[in-house]
There are 2 protein chains.
Amino acid sequence: MQWGRAGNTIDHMKLKEFAKQLGLSPTTVSRALSGYPEVSEKTRKRVAEEAVRLGYRPNINAVRLVTGRAGAIGVVMGRNGEFQFSEYMSGMAERLDSEDIDILVTPIAEQGGNDESQLYSRLATSGRVDAVIIHSPMPKDERIALLHRLGMPFLVHGRSETDVPHAWLDIDNEGAIRRATSHLIDLGHRRIAMINGRAGLTFSLHRDQGYRKALEQRGIPFDPRLVAHGHFTDELGFRFARSFLEQSPRPTAFVAGSMMTALGVYRAVRSFGLVVGRDISVIAHDDVFPYLTADNMVPSLSTTRSSLRAAGARSADLVLQLLSGRPANEIHELWPVELILRESTGPVPHSDAFPDRTG
Amino acid sequence: MQWGRAGNTIDHMKLKEFAKQLGLSPTTVSRALSGYPEVSEKTRKRVAEEAVRLGYRPNINAVRLVTGRAGAIGVVMGRNGEFQFSEYMSGMAERLDSEDIDILVTPIAEQGGNDESQLYSRLATSGRVDAVIIHSPMPKDERIALLHRLGMPFLVHGRSETDVPHAWLDIDNEGAIRRATSHLIDLGHRRIAMINGRAGLTFSLHRDQGYRKALEQRGIPFDPRLVAHGHFTDELGFRFARSFLEQSPRPTAFVAGSMMTALGVYRAVRSFGLVVGRDISVIAHDDVFPYLTADNMVPSLSTTRSSLRAAGARSADLVLQLLSGRPANEIHELWPVELILRESTGPVPHSDAFPDRTG
DNA sequence: GCCGCCAGCCAAATCGTTTTAAATTTCCGG
DNA sequence: CCGGAAATTTAAAACGATTTGGCTGGCGGC
């Protein structure tokens with residue numbers, strides 16, 4: 001599309017003009033502002049001061065053209081505007097605030113159609129971004145191979161099993177869920193239901209593994225009927241929890257994938273006339289949202305906690321490192337996850353612990 | 001900061017090269033691709049096809065430099081990554097998908113410090129964006145005057161009372177809350193509490209007005225002790241609701257500002273041993289989230305509903321119109337809001353309707 | 001057959017920087 | 001006071017597109 005320049009009255013001083021006012025050449029001014037060593041400290045200072053006073057700022061598009069840099073990091077937003085997303089971005093923003101780098105959000109088209117990799121391909125070749133962050137990867141994620149092939153620097157938020165060397169930042173999902181499950185087992189629970197994220201995603205697999213390992217360690221048989229996968233919505237939390245609670249014997253504890261899921265689980269438990277923390281224990285993973293906090297739930301929710309905002313900030317940092325030349329396969333960070341016990345977890349009720357006596 | 005070009009192996013064909021392969025001049029090719037009339041239909045078609053085949057795409061930074069356009073719309077993300085944000089952006093994305101325009105997210109720094117207007121000022125003069133969208137305006141919003149002064153096209157999502165002509169898209173907050181409140185009054189409620197958004201924002205004021213008008217129409221005195229303002233978090237919903245319920249006589253109905261607020265209200269009501277939909281009626285405003293739906297709450301939540309995603313899509317559309325020359329003061333859209341009645345609203349309990357008989 | 005016109009194409013200027021390679025100034029010991 | 005290295009500064013060439021203004025050649029009118 002083509003639009004007029006109407007309205008865009010902002011008239012910048014140009015380098016040439018600015019340099020003339022200073023009695024210097026454009027070259028020197030440019031160098032002074034970019035902090036090159038060839039220019040004397042005195043001159044640099046003067047240039048910097050005058051730039052502020054006269055309001056000179058380099059035309060960013062000219063800079064981009066000549067340097068070949070886009071000055072932006074691309075993020076692809078999931079198909080259904082996930083609630084976690086803005087928190088992660090806030091974190092990124094926090095870190096990028098001091099740099100001269102933007103965040104470019106490319107949303108994936110609703111109707112889907114042409115496959116996702118084409119979107120990434122376009123993003124990578126468009127020259128709009130210097131790097132890309134990939135979310136919710138799968139063990140064999142073709143996006144990783146694709147971006148590697150295209151030579152576009154990228155960071156994976158999460159992990160993948162691909163051979164392609166790549167930078168990643170992830171939280172210890174397996175350990176978190178293992179500890180959560182173990183703790184429930186310590187409390188006497190034996191039938192523990194697990195509402196996990198979408199099937200096929202690495203973090204879901206890791207959580208499944210953590211869950212299974214905890215059971216294994218204590219010799220508790222794994223029952224596939226106690227595990228569900230899906231989006232992190234209150235609706236699915238509710239539905240899955242209800243269907244689990246309809247089983248006989250019913251589970252006495254839940255591991256929920258997110259705060260939204262936990263909301264659904266709470267509702268489901270209540271709808272059975274049961275009480276969370278007494279009849280049914282619940283632990284959920286908490287990404288630490290300002291608008292929905294585990295402490296405030298009733299009863300307060302035990303969680304595995306890891307700040308998504310912090311992850312966003314660190315991600316931005318790592319991308320900057322990547323761009324300044326640090327090799328991708330040196331950039332691997334695995335963050336531990338806290339386990340915070342609150343009121344939603346408690347010892348298994350006596351009647352459930354020995355169902356044969358009552359039934 | 002300065003980083004090497006390492007990794008960025010993507011090697012685009014240049015216009016000159018591409019044109020040579022076609023046996024045409026760069027000029028003609030450029031024009032063909034941009035759809036100018038001076039080039040024959042046959043040639044245009046051939047160019048378009050070859051561009052796809054050979055993978056030629058104009059270097060976006062060169063285009064930006066020469067046209068002076070940034071090819072991006074700026075959005076400033078609130079201080080605390082609001083959960084609504086990603087939904088709105090998804091909508092924008094949906095609309096912008098077919099255009100060659102990016103969404104640039106500028107997060108406001110956490111520590112605050114230098115005032116917000118400086119951020120907008122920088123964004124406007126940076127040349128990174130062609131237009132800006134302003135959220136959560138206040139009646140006298142200095143950002144509007146600022147952007148107008150700077151000559152940067154912008155759309156206000158919400159409304160303001162400033163004299164400066166500007167484009168806006170808003171939902172009928174006043175009407176929505178007026179209808180919601182009226183409906184509660186029809187059901188016999190007289191003490192209706194209102195948990196509104198942050199004080200000072202236009203939409204909060206409009207909602208206050210809607211609330212007060214509904215009361216006025218029915219001759220119910222306004223009691224400032226029944227109105228609270230604050231962020232849309234579950235925590236505030238809970239706290240405010242509790243403090244209202246501690247009053248005597250207590251309110252029999254709540255108007256909640258958001259789904260998160262409603263979650264808090266539900267909890268608070270329950271914590272008093274009361275039942276939503278029977279003892280206490282609740283209506284909340286619902287922006288329609290995929291991850292938290294009013295229908296799924298227990299009891300299902302009556303809402304005033306307006307799709308934030310749709311607003312995002314339309315906003316993007318209006319910005320495009322703005323950029324193609326449509327005068328800002330012609331662009332005003334006020335969307336009606338649906339009132340969806342579900343189980344959380346019901347007639348006032350007899351004992352509350354005539355408290356003097358019981359007390 | 002000549003002229004003007006128009007569709008279709010092109011050469012060259014332009015956008016506002018960074019950066020290469022060269023020129024100038026400064027400084028200092030001999 | 002001079003030669004040459006070191007410290008500054010500069011002119012000019014990119015970067016890769018769009019766009020202005022001009023150049024062709026074919027066609028119809030007279």
A.B. asks: Rounded to the Å, how far apart are B/Arg69 CZ and D/dA17 P?
C.D. replies: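 Rounded to the whole Å, the gap is 16 Å.
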
A.B. asks: Run the salt bridge (Lys or Arg N to Asp or Glu O under 4.0 Å) test against B/Arg128 and tell me which residues pass, sequence neighbours left out.
C.D. replies: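 Salt bridge (Lys or Arg N to Asp or Glu O under 4.0 Å) check on B/Arg128 returns A/Asp100, A/Asp102.
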
A.B. asks: Which nucleotide span of DNA chain C, 5' end to 3' end, has atoms closer than 4.0 Å to non-hydrogen atoms of chain B?
C.D. replies: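 First and last nucleotides in contact are C/dG8 to C/dG16.
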
A.B. asks: Testing B/Leu96, B/Leu322, B/Val132 for side chain to side chain contact (heavy atoms under 4.5 Å, CB included) with B/Ile73, which one passes?
C.D. replies: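 The passing option is B/Leu96.
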
A.B. asks: Only pairs at least two apart or in different chains count here, so list each ring pair (Phe, Tyr, Trp, His ring centres under 6.0 Å) that has a residue in residues 41-70 of chain A.
C.D. replies: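 Sorted pair list: A/Phe18-A/Tyr56.
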
A.B. asks: Can you sort out the partners of A/Arg326 under salt bridge (Lys or Arg N to Asp or Glu O under 4.0 Å), two or more places apart, ordered by chain and number?
C.D. replies: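 Testing A/Arg326 for salt bridge (Lys or Arg N to Asp or Glu O under 4.0 Å), a comparison that skips the adjacent residues, returns A/Glu330.
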
A.B. asks: Hey, what bend do you get for the helix from C/dG1-D/dC30 to C/dG30-D/dC1 if you fit axes on five pairs at each end, rounded to 10°?
C.D. replies: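 Angle reported: 50°, given to the nearest ten degrees.
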
A.B. asks: Any protein N or O atoms within reach of nucleotides 6-9 of chain D? Criterion: under 3.5 Å, listing atom names and distances.
C.D. replies:
{"unit_1": "D/dT9", "atom_1": "OP1", "unit_2": "A/Thr43", "atom_2": "OG1", "d": "3.3"}
{"unit_1": "D/dT9", "atom_1": "OP2", "unit_2": "A/Thr43", "atom_2": "OG1", "d": "3.4"}

A.B. asks: Can you label the angle between the B/Tyr88 ring and the B/His157 ring as parallel, tilted or perpendicular, going by 30° and 60°?
C.D. replies: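 If you compare the ring of B/Tyr88 with that of B/His157, the planes turn out parallel.
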
A.B. asks: Let's see if you get this right: which residues in residues 48-62 of chain A place a heavy atom under 4.0 Å from DNA chain C?
C.D. replies: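 Only A/Tyr56, A/Arg57, A/Pro58, A/Asn59, A/Ala62 qualify.
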
A.B. asks: So, using side chain to side chain donor-acceptor pair (under 3.5 Å) as the criterion, who are the partners of A/Ser30 when residues are at least two apart?
C.D. replies: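 None.
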
A.B. asks: Among residues at least two apart in sequence or on other chains, which ones pass side chain to side chain donor-acceptor pair (under 3.5 Å) with B/Thr43?
C.D. replies: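 Checked B/Thr43 against side chain to side chain donor-acceptor pair (under 3.5 Å); matches are B/Ser40.
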
A.B. asks: Tell me, please, which residues at least two apart from B/Arg159 pass salt bridge (Lys or Arg N to Asp or Glu O under 4.0 Å).
C.D. replies: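 B/Arg159 satisfies salt bridge (Lys or Arg N to Asp or Glu O under 4.0 Å) with B/Asp170 once adjacent residues are dropped.
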
A.B. asks: Let me know the distance between CG of A/Leu65 and P of D/dA13, rounded to the nearest Å.
C.D. replies: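 Answer to the nearest Å: 17 Å.
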
A.B. asks: Tell me, which of residues 14-22 of chain A have any heavy atom that sits under 4.0 Å from an atom in DNA chain C?
C.D. replies: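 Heavy-atom contacts with DNA chain C come from A/Lys14, A/Leu15.
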
A.B. asks: Measure the shortest side-chain to side-chain distance between B/Asn329 and B/His166 over non-hydrogen atoms and say whether it is less than 4.5 angstrom.
C.D. replies: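 A side-chain contact is absent here, since even the closest heavy-atom pair is not under 4.5 Å.
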
A.B. asks: In Å and rounded to the nearest 0.5 Å, what is the OG to CE distance from A/Ser86 to A/Met92?
C.D. replies: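 A/Ser86 OG to A/Met92 CE: 13.0 Å, rounded to 0.5 Å.
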
A.B. asks: Could you tell me which residues satisfy side-chain contact (heavy atoms from CB on, under 4.5 Å) with B/Ser136, sequence neighbours excluded, listed by chain and number?
C.D. replies: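 Testing B/Ser136 for side-chain contact (heavy atoms from CB on, under 4.5 Å), a comparison that skips the adjacent residues, returns B/Arg198, B/Leu201.
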
